[in-house]
Amino acid sequence: MALLGSAITNEVGLQLLLYPLGSNVVVRTACCSVGIVLPVYSTFKAIEKKDQNEQQKWLLYWAAYGSFSLVEVFSDKLLSWFPVYYHLKFAFLVWLQLPATDGAKKLYTSHLRPFLLKHQAKVDRILGSVSDEMVKTISRHQAEIQYFRTIVMKIMGSDERSSRLGTARPNGAGRRLQIEDQNSDTESDLDD
């Protein structure tokens with residue numbers, strides 16, 4: 001009986017996934033699960049086992065997946081118009097991972113590696129410039145970053161205090177922060 005239930009569940013799941021005119025939500029969720037969730041866990045296992053072969057396999061996968069994601073960002077508006085785009089993406093992600101096809105390794109060795117070797121100096125220059133500009137921008141805006149960090153820490157601290165006290169946050173959380181700040185100012189004035 002359990003075998004029959006499993007077969008029905010698998011058949012229904014496969015039909016939902018492969019039905020071209022069905023909801024893209026199911027296929028997009030499957031893409032996320034197969035493309036990100038499973039590889040993250042598999043990468044974790046490879047790192048924890050210290051298995052060099054598995055680590056290399058997942059490094060190649062992430063290089064291929066990252067490259068695909070980069071292309072997808074710029075072509076998403078166009079590609080999303082194709083009715084079976086997410087089905088093809090799902091099949092591609094499965095192909096990248098299957099040990100029998102070794103798709104990530106094939107993609108890396110035949111396309112990605114030659115491209116990056118050819119353009120390595122140019123990419124290094126661009127990334128160096130971007131990194132330098134980011135450092136300059138962060139240095140120029142250090143005061144604003146510190147101010148934002150302080151606000152976030154106050155908000156997180158008020159959440160932490162309310163959860164320790166077992167009280168729910170009121171709708172006027174910002175007003176509560178102001179009252180707490182005024183109270184602490186008053187207390188410091190009294191101490192002086």
Side-chain angles (χ1 to χ4, degrees), residues 9-142 144-145 148-149 152 156:
T9 304
N10 289 341
E11 188 175 325
V12 169
L14 194 58
Q15 285 178 356
L16 271 175
L17 183 65
L18 297 178
Y19 185 65
L21 301 176
S23 171
N24 275 342
V25 173
V26 174
V27 182
R28 292 175 85 174
T29 302
C31 286
C32 183
S33 299
V34 168
I36 299 172
V37 176
L38 179 63
V40 164
Y41 185 69
S42 298
T43 303
F44 158 76
K45 286 175 50 177
I47 292 169
E48 291 301 313
K49 288 183 192 174
K50 296 177 179 34
D51 183 347
Q52 295 293 324
N53 292 332
E54 282 294 304
Q55 288 177 3
Q56 182 179 13
K57 172 187 169 185
W58 290 108
L59 273 174
L60 291 173
Y61 171 79
W62 287 114
Y65 181 82
S67 302
F68 171 73
S69 295
L70 189 61
V71 170
E72 187 181 34
V73 164
F74 294 108
S75 60
D76 188 43
K77 297 295 180 198
L78 176 67
L79 293 174
S80 64
W81 282 89
F82 291 103
V84 293
Y85 168 67
Y86 290 105
H87 296 84
L88 295 173
K89 179 180 176 179
F90 178 78
F92 174 72
L93 294 172
V94 169
W95 176 78
L96 283 178
Q97 294 178 39
L98 282 178
T101 60
D102 216 7
K105 186 175 184 178
K106 287 178 184 174
L107 184 66
Y108 177 81
T109 56
S110 65
H111 298 289
L112 189 58
R113 184 173 185 270
F115 175 82
L116 290 174
L117 285 173
K118 181 178 178 183
H119 301 288
Q120 185 173 3
K122 187 186 293 185
V123 171
D124 285 343
R125 273 194 312 275
I126 291 170
L127 291 179
S129 296
V130 169
S131 175
D132 291 345
E133 285 302 314
M134 286 175 55
V135 168
K136 287 177 189 175
T137 302
I138 289 171
S139 295
R140 279 194 303 260
H141 299 286
Q142 203 58 310
E144 292 92 347
I145 293 169
F148 181 72
R149 182 180 178 273
V152 169
M156 289 175 56

Legend entry - Between OH on residue Y86 and OG1 on residue T29, distance to nearest 0.5 Å: 11.0 Å
Legend entry - side-chain contact (heavy atoms from CB on, under 4.5 Å) partners of H111, counting only residues at least two apart: L107
Inset, instruction - Look up atom SG in C31 and atom NE2 in H87, then write down how far apart they are to the nearest 0.5 Å. - result: 8.5 Å
Legend entry - With Q142 via side-chain contact (heavy atoms from CB on, under 4.5 Å) - residues at least two apart: I138, I145
Legend entry - Residues in side-chain contact (heavy atoms from CB on, under 4.5 Å) contact with V135, at least two apart in sequence or another chain: S139
Legend entry - Residue pairs involving residues 41-53 (criterion side-chain hydrogen bond (donor to acceptor under 3.5 Å, both in side chains); sequence neighbours excluded): T43-W62
Inset, instruction - Check ring pair (Phe, Tyr, Trp, His ring centres under 6.0 Å) between Y61 and all other residues, then give those that pass, not counting sequence neighbours. - result: W58, Y65
Inset, instruction - Provide the closest heavy-atom pair for H141 versus E144 in the form atom of the first, atom of the second, distance. - result: CA-OE1, 3.1 Å
Inset, instruction - Mind listing the closest non-hydrogen atom pair of Y85 and L79 along with its distance? - result: CB-O, 3.4 Å
Inset, instruction - Kindly state each residue pair satisfying salt bridge (charged side-chain N to carboxylate O under 4.0 Å, His left out) with at least one member in residues 130-139, sequence neighbours excluded. - result: E133-K136
Inset, instruction - Check ring pair (Phe, Tyr, Trp, His ring centres under 6.0 Å) between H119 and all other residues, then give those that pass, not counting sequence neighbours. - result: F115
Legend entry - Qualifying residues under side-chain contact (heavy atoms from CB on, under 4.5 Å), relative to L116, sequence neighbours excluded: L112
Inset, instruction - Mind checking salt bridge (charged side-chain N to carboxylate O under 4.0 Å, His left out) for K89 and listing every partner two or more places apart, or none if nothing turns up? - result: E72
Legend entry - Pair listing, salt bridge (charged side-chain N to carboxylate O under 4.0 Å, His left out) test, anchored in residues 92-115, at least two apart: none
Inset, instruction - Write out all pairs satisfying salt bridge (charged side-chain N to carboxylate O under 4.0 Å, His left out) with one or both partners inside residues 115-124, taking only residues at least two apart or from two chains. - result: none
Inset, instruction - Sorted by first residue and then second, give each salt bridge (charged side-chain N to carboxylate O under 4.0 Å, His left out) pair with at least one member in residues 53-64; sequence neighbours left out. - result: none
Legend entry - Taking every non-hydrogen atom, the tightest pair across S33 and P39: O-CD, 4.2 Å
Legend entry - Residue R149 excluded, over 12 heavy atoms near CZ under 6.0 Å: no
Inset, instruction - Could you pull out the closest heavy-atom pair between A63 and Y108, with the gap in Å? - result: CB-CD1, 4.3 Å
